[in-house]
Every structure is written in C-alpha cells, then in structure tokens.
Chemist: 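Have a look at this one.
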Amino acid sequence: QKELLAAENNELSAIMQQIDAYLLLSDVVEVFRNRFCSHEIEIVKPANEVTLRTDSTLLRRVLSNMILNAVEASKPGEPVHVSCGIEDGWAEFRVNNRACISKENQLRIFQRSFSTKGAGRGLGTYSMKLLSERYLNGKVSFCSTPQEGTTFIARYRI
C-alpha cells in the first residue's frame, strides 16, 4: 500500500539495472508454484536471451500480479502459461489462463479498486499499469476471448 501511494504521488524511485528477464520470471513463477500447488503454472523458455534495463523489484510486483490474477481465475489443474521474449524492440511478458473476462469487466479492469473478487481487492491490475507505464517505460494490455482465454501482456523498452 505504501509503495502504491508513493507511485501515485510520483514519489517512487525506480532503481534501474540490467536484468535477465527469464531468470526473474522463473523466480516469480517458482514462488507461485509453491504457493498454489494444485495449479499448473507452465513457463516457456525464450529462444533467445531476454535482457532489459528495469527496476527488478517493481517488475517483480507487476509479474506477480499478472500470475496471481491468472491463477485465481483458474480452476485447480488448469494450466497458466507464462512466457517472455523480444517483440519489435520490446521485452514482452505474457500470462495466459483459460478464463474469459466479461465485456463489462474488461472496460473496468485497470480502474483502481475494481475487483470481481470482493472487498479489499482491486489494486493488482491497477498497479501493474501504473508501475509499468509511469516507472518502467512500459505498457500493459490484455485480450480476453472465450476461445483463447485471457492473456495479460506487459511490454518494456529494451
């Protein structure tokens, strides 16, 4: 909460350093595999090394929110697919699950305090977008269809 308030007030300092995106993503995935043993979190190793200059703590928070949302939207045993790669000069992280977000909820997904999961929630997608766009030189988007499920995409300049 404290970090989010600082981010909203433009008082957060990003400590930029060169990182290996796959190693960071692997660390985050491992935390969630241990926390949600009944879920299948599958990570795809990129064909080429993915490095970028970023704040690893803030990026870890973004990736954690992406994965947590996907796991919570999934039934035990359903796969959550996680990957990173380079696309058109951007380091790109993708998290996909089978659930589809309703059109009504899609329109509000990045609003502060919007949640379909109950009171006291609704900061995850909001903070993903805030941290990525204000501090990490990135963009966050998603697509959600009944056929493909939901994929959140976080892209960062490399």
Side-chain angles (χ1 to χ4, degrees), residues 3-4 7-8 14 19-36 38-47 50-52 54-118 120-158:
E3 188 177 75
L4 186 58
E8 289 175 321
I19 65 150
D20 181 312
Y22 179 72
L23 287 178
L24 179 68
L25 184 59
S26 296
D27 287 346
V28 175
V29 165
E30 197 57 34
V31 168
F32 283 92
R33 281 181 175 159
N34 291 330
R35 186 173 164 196
F36 295 95
S38 63
H39 288 74
E40 292 183 31
I41 305 171
E42 301 170 359
I43 185 169
V44 178
K45 187 168 184 166
V50 180
T51 61
L52 71 149
T54 191
D55 183 303
S56 60
T57 301
L58 297 180
L59 181 54
R60 182 180 297 271
R61 174 172 274 203
V62 171
L63 297 173
S64 293
N65 282 319
M66 291 172 70
I67 295 170
L68 178 62
N69 286 341
V71 169
E72 288 183 342
S74 300
K75 296 180 178 114
E78 284 184 345
V80 170
H81 298 280
V82 180
S83 64
C84 66
I86 297 174
E87 291 291 329
D88 302 323
W90 295 80
E92 185 175 275
F93 298 87
R94 292 177 167 260
V95 178
N96 170 270
N97 67 292
R98 291 185 181 167
C100 179
I101 302 170
S102 73
K103 291 289 183 192
E104 177 184 311
N105 289 341
Q106 287 184 35
L107 297 173
R108 301 179 61 202
I109 200 81
F110 292 117
Q111 290 177 357
R112 191 183 207 291
S113 300
F114 172 74
S115 177
T116 60
K117 299 171 187 156
R121 303 287 303 261
L123 296 177
T125 54
Y126 171 78
S127 69
M128 287 165 33
K129 195 161 186 70
L130 174 70
L131 294 173
S132 292
E133 295 181 1
R134 196 174 291 180
Y135 295 95
L136 299 177
N137 196 24
K139 302 176 184 179
V140 175
S141 62
F142 72 96
C143 56
S144 188
T145 66
Q147 299 81 14
E148 300 294 324
T150 299
T151 303
F152 273 87
I153 304 157
R155 304 179 86 206
Y156 303 95
R157 290 248 179 242
I158 53 173

Chemist: With sequence neighbours excluded, what pairs up with A7 under the side-chain contact (heavy atoms from CB on, under 4.5 Å) test?
Modeler: L12, L130, L131, Y135

Chemist: State the CG-CD1 distance between L59 and I19, to the nearest 0.5 angstrom.
Modeler: 5.0 Å

Chemist: How would you list all residue pairs meeting salt bridge (Lys or Arg N to Asp or Glu O under 4.0 Å) that involve residues 135-149, not counting sequence neighbours?
Modeler: none

Chemist: Check whether any side-chain heavy atom of N137 sits under 4.5 Å from a side-chain heavy atom of T54, and report yes or no.
Modeler: no

Chemist: Ring-plane angle category for F36 and F32, please: parallel below 30°, perpendicular beyond 60°, tilted otherwise.
Modeler: parallel

Chemist: Name all residues meeting the side-chain hydrogen bond (donor to acceptor under 3.5 Å, both in side chains) criterion together with R134; count only those two or more places apart in sequence or in a different chain, and write none if there are none.
Modeler: N10

Chemist: Decide side-chain contact (heavy atoms from CB on, under 4.5 Å) for L136 and R157; before the verdict, give the C-alpha distance in whole Å, the side-chain angles of both, and the deciding distance to 0.1 Å.
Modeler: CA-CA 9 Å; L136 299 177; R157 290 248 179 242; over 6 Å; no

Chemist: Evaluate salt bridge (Lys or Arg N to Asp or Glu O under 4.0 Å) for R61 paired with E3, printing each intermediate quantity in order.
Modeler: CA-CA 11 Å; R61 174 172 274 203; E3 188 177 75; 2.9 Å; yes

Chemist: Answer yes or no: is there a side-chain heavy-atom contact under 4.5 Å between M128 and L63?
Modeler: no

Chemist: Is there a side-chain contact between I153 and F93 in this structure, where contact means two heavy atoms from C-beta onward sitting under 4.5 Å apart?
Modeler: no

Chemist: Cut-off 3.5 Å, no hydrogens considered: what does the side-chain donor-acceptor table look like for residues 24-31, sequence neighbours left out?
Modeler:
| from | atom 1 | to | atom 2 | distance (Å) |
| --- | --- | --- | --- | --- |
| S26 | OG | Y22 | O | 2.8 |

Chemist: So do the side chains of M66 and F142 get within less than 4.5 Å of each other, counting heavy atoms only?
Modeler: no

Chemist: Quick check: closest heavy atoms across L52 and A91, and the distance to 0.1 Å?
Modeler: CD2-CB, 4.0 Å

Chemist: Can you list everything that forms a side-chain hydrogen bond (donor to acceptor under 3.5 Å, both in side chains) with S56? Sequence neighbours excluded, please.
Modeler: Q17

Chemist: Taking only residues two or more places apart in sequence, or in another chain, which ones meet P146 in a side-chain contact (heavy atoms from CB on, under 4.5 Å)?
Modeler: C100

Chemist: Using the side-chain contact (heavy atoms from CB on, under 4.5 Å) criterion, which residues pair with T51? Sequence neighbours excluded.
Modeler: Q18, E49

Chemist: Could you work out, with side-chain contact (heavy atoms from CB on, under 4.5 Å) as the rule, every residue matching E87, not counting sequence neighbours?
Modeler: E92, R155

Chemist: Judged by atom type as modelled, is there a donor-acceptor pair below 3.5 Å linking the side chain of R33 to the main-chain atoms of I41?
Modeler: yes

Chemist: Enumerate donor-acceptor pairs with a distance under 3.5 Å from any side-chain N or O in residues 77-86 to protein atoms, sequence neighbours excluded.
Modeler:
| from | atom 1 | to | atom 2 | distance (Å) |
| --- | --- | --- | --- | --- |
| E78 | OE1 | K75 | N | 3.0 |
| H81 | ND1 | E42 | OE1 | 3.0 |

Chemist: How would you list, by chain and number, every residue that makes a side-chain hydrogen bond (donor to acceptor under 3.5 Å, both in side chains) with S132, sequence neighbours excluded?
Modeler: Y156

Chemist: Can you list the residues that meet the side-chain hydrogen bond (donor to acceptor under 3.5 Å, both in side chains) rule with N96, with sequence neighbours excluded?
Modeler: T151

Chemist: When rounded to the nearest 0.5 angstrom, what distance separates NZ in K45 from CD1 in I43?
Modeler: 10.0 Å

Chemist: To the nearest 0.5 Å, what is the distance between CD1 (I67) and CG (N97)?
Modeler: 11.5 Å

Chemist: Do S127 and N65 meet the criterion of a side-chain donor-acceptor pair at a distance under 3.5 Å?
Modeler: yes

